[in-house]
Amino acid sequence: MNHTVRVRYAPSPTGEPHLGNIRTALFNWLYARGQGGSFIVRVEDTDQERLVPGALNSILDALLWLGLDWDEGPTDDGKGNKGAFGPYFQSQRLPLYHQHTERLVASGSAYRCFCSSARLDAIRRAQQQQKLPPGYDRLCRDMPEDERRRRLDSGEPSVVRFRVPLEGATTVHDIVRGEVTWENRLLDDFIILKSDTFPTYHLASVVDDHVMQISHVMRAEEWLPSTPRHLMLYYALGWAPPKFAHLPMILGADRSKLSKRHGATSVLEYRTQGFLPDALLNFLTLLGWSLDDKTDVISRADLVRHFSLDRITKAAAIFNAEKLTWMNGVYVRAMSPQALAEQMLPFLERQEADGGLPNDIPMPLDRSYLLRIVPLVQERLKLLSESAELTGFFFQEHLAYDASLLVQKGMDAAATANALRQSSQRLAALSSWDTATLEALFRPLADELGIKTGQLFGAVRVAVTGRTATPPLFQTMEALGKERCMARIALAIDSLKP
RNA sequence: GCCCCCAUCGUCUAGCUGGCCUAGGACGCCACCCUUUCAAGGUGGAGACCAGGGGUUCGAAUCCCCUUGGGGGCACCA
């Protein structure tokens, strides 16, 4: 039995919240929530040069949007800390890393190295030319102590490297992959403390995972090759390592690491494209995990309840946006009209250039009118960003369409104009304006005019909406209201004049 | 080049301790039904000789080995 599950998501604030990274966060979160454990966010900001202003806020924003709340980590605004094991920014924990580095040096597990970047580059180049495995040549590994001390005292820049055993092997018992073993002699003496006195990822993550009492390290598969280094650090520090689970990667359509050229990679882009957080969450979970042989749509609560490490897939998954879009439609249809209207509003009210309604439509929109429209478009909407496209004609003052669209198959302009005139006359006499009344009027009218219902409805549909594909005609007309419909039909008749 | 991981329909996957698989579900695709258009929904279909080859076994998609293919890693980046 797991005593206390403590898992962490350890983003580095160097860019947008990538789908792959967030999927890792999601698995950690699901496991923590399902096990009654803690989900911790730790900011790995040990590379001063790659820090991107605002990146952390984007990442936290993405987590918050998806509903992945954390128990410990930065505060929601990214400025402070919350939790008993803080601070959760590695840049604020330097003394801790220095302390453990000293221990490793003192015990002989690590050593000062004075090799310059220039020399390192040179040996790497030489190794590549000779087709040798790249890696540090251990020049400083056996430097006499007095020389080491002298150069350090003189202020010569240095790093600290881990003294990797020359023999033996290191084995990790990975939860998803089983036993994986590396020969120690194939690993070089990696740097644990940089010359700017910041730790590398290897040291910092090991120290923090231990000190923060992390029980399971779940991270992307790309970390698997550095796991033996981490294990060596745990052993040298005298600590018991946590359990490891390396998650399958998410790849683009061409099977390479998901990147910009495969389309949107930032979770935030999916938000602006009109995906629902629950749909994305559901979809992302199924990229690398499954409940059984038939379940695709599964609620957040059930995900939390059923998520398990032993059903995580080993093979990398290709991100298939088409299925995500379908799934989003499923979630859209499952919403209450009120909730959907709420979600659609910002998409409708944003700038026309950003996919919103035309700029000449008065904002804010009439909410009760929108609420009458939403049920008509709900099952036709897959992405919230399609809102304006689908509902525009309900709001536009003037419809712009090609008059030839009014003329249905088997009809001509004169017949169409006549049908619309007849329609207009009958409609004018109507005292109530609802779907049933309208249908009762139009069906017999088609008969009288000697045309098919499809022909009549088609002409009226275009007249009233400017489009050939719309929600059901009479419901649409009811929502539009008599005044708008009458005016639009009149305009349509005009446009048919030779 | 070296190390590591992976391998079932185009894609996500079920298949975990071998027989219930002449391989199941979903997306997408194609028909048909419903229907005033578009959707949604319903029904049916095409689509994987389980990467290939060897074994083990009475019997393998399921276990083992090899090959091939794909991916990842080899920084004073994470």
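Side-chain atoms are counted along with the backbone in the values below, which use heavy atoms only and exclude waters and symmetry mates. Per chain, numbering begins at 1; letters A, B, ... match sequence-line order.
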- Give a yes/no on whether any side-chain N or O of R311(A) is located under 4.0 angstrom from OP1 or OP2 of G15(B). yes
- Message: How many whole angstroms separate atom CG of L473(A) from atom C1' of U35(B)?
- Response: 14 Å
- Message: My understanding is that a pair needs two contacts under 3.5 Å, Watson-Crick or G-U wobble. By that rule, which nucleotide pairs with A7(B)?
- Response: U68(B)
- Message: Applying a 4.0 Å non-hydrogen cut-off, can you work out what K382(A) is touching in the nucleic acid: base, sugar-phosphate, or nothing?
- Response: sugar-phosphate
- Query: Using purine N1 to pyrimidine N3 plus N6-O4 or O6-N4 for Watson-Crick, or N1-O2 and O6-N3 for G-U wobble, both under 3.5 Å, which nucleotide pairs with C58(B)?
  - Reply: G19(B)
- In whole angstrom, what separates I312(A)'s CD1 from C12(B)'s P? 17 Å
- Message: Test: salt bridge (charged side-chain N to carboxylate O under 4.0 Å, His left out). Region: residues 287-300 of chain A. Which pairs qualify, not counting sequence neighbours?
- Response: D278(A)-R300(A), D296(A)-K323(A)
- L186(A) meets the side chain to side chain contact (heavy atoms under 4.5 Å, CB included) criterion, sequence neighbours left out, with E183(A)
Give every pair of a protein N or O atom and an N or O atom of nucleotides 4-6 of chain B that lie under 3.5 Å apart, one pair per line with the distance.
residue	atom	partner	partner atom	Å
C5(B)	O2'	R177(A)	NH1	2.6
C5(B)	O2'	E221(A)	OE2	3.1

- Residue-phosphate contact under 4.0 Å: T470(A) side-chain N/O, U37(B) OP1/OP2: no
- Nearest-Å distance, CG (N320(A)) to C1' (C9(B))? 13 Å
- Who pairs with S308(A) by side-chain hydrogen bond (donor to acceptor under 3.5 Å, both in side chains), at least two apart in sequence or on another chain? D310(A)
- Considering every strand shown, what is the Watson-Crick or G-U wobble mate of C29(B) when both distances are under 3.5 Å? G45(B)
- Message: So R255(A), base contact, sugar-phosphate only, or nothing? Heavy-atom distance under 4.0 Å.
- Response: sugar-phosphate
- Query: For C76(B), which nucleotide in any strand shown is its Watson-Crick or wobble partner with both distances under 3.5 Å?
  - Reply: none
Distances under 3.5 Å only, N/O to N/O: pair up the protein atoms with those of nucleotides 18-26 of chain B.
residue	atom	partner	partner atom	Å
G24(B)	N2	D293(A)	O	3.0
A26(B)	O4'	D296(A)	OD2	2.7
A26(B)	O2'	D296(A)	OD2	3.2
A26(B)	N3	K323(A)	NZ	3.1

Collect all protein-nucleotide pairs involving nucleotides 74-78 of chain B in which both atoms are nitrogen or oxygen and the distance is under 3.5 Å.
residue	atom	partner	partner atom	Å
C76(B)	O2	S195(A)	N	2.8
C76(B)	O2	S195(A)	OG	2.6
C76(B)	N3	S195(A)	OG	3.0
C76(B)	N4	C115(A)	O	3.4
C77(B)	OP2	K194(A)	NZ	2.9
C77(B)	O2'	D47(A)	OD2	3.1
C77(B)	O2'	R50(A)	NE	3.1
C77(B)	O2'	R50(A)	NH2	3.0
A78(B)	OP1	T46(A)	OG1	2.9
A78(B)	OP1	K194(A)	NZ	2.6
A78(B)	OP2	Y201(A)	N	3.2
A78(B)	O3'	E44(A)	OE1	3.1

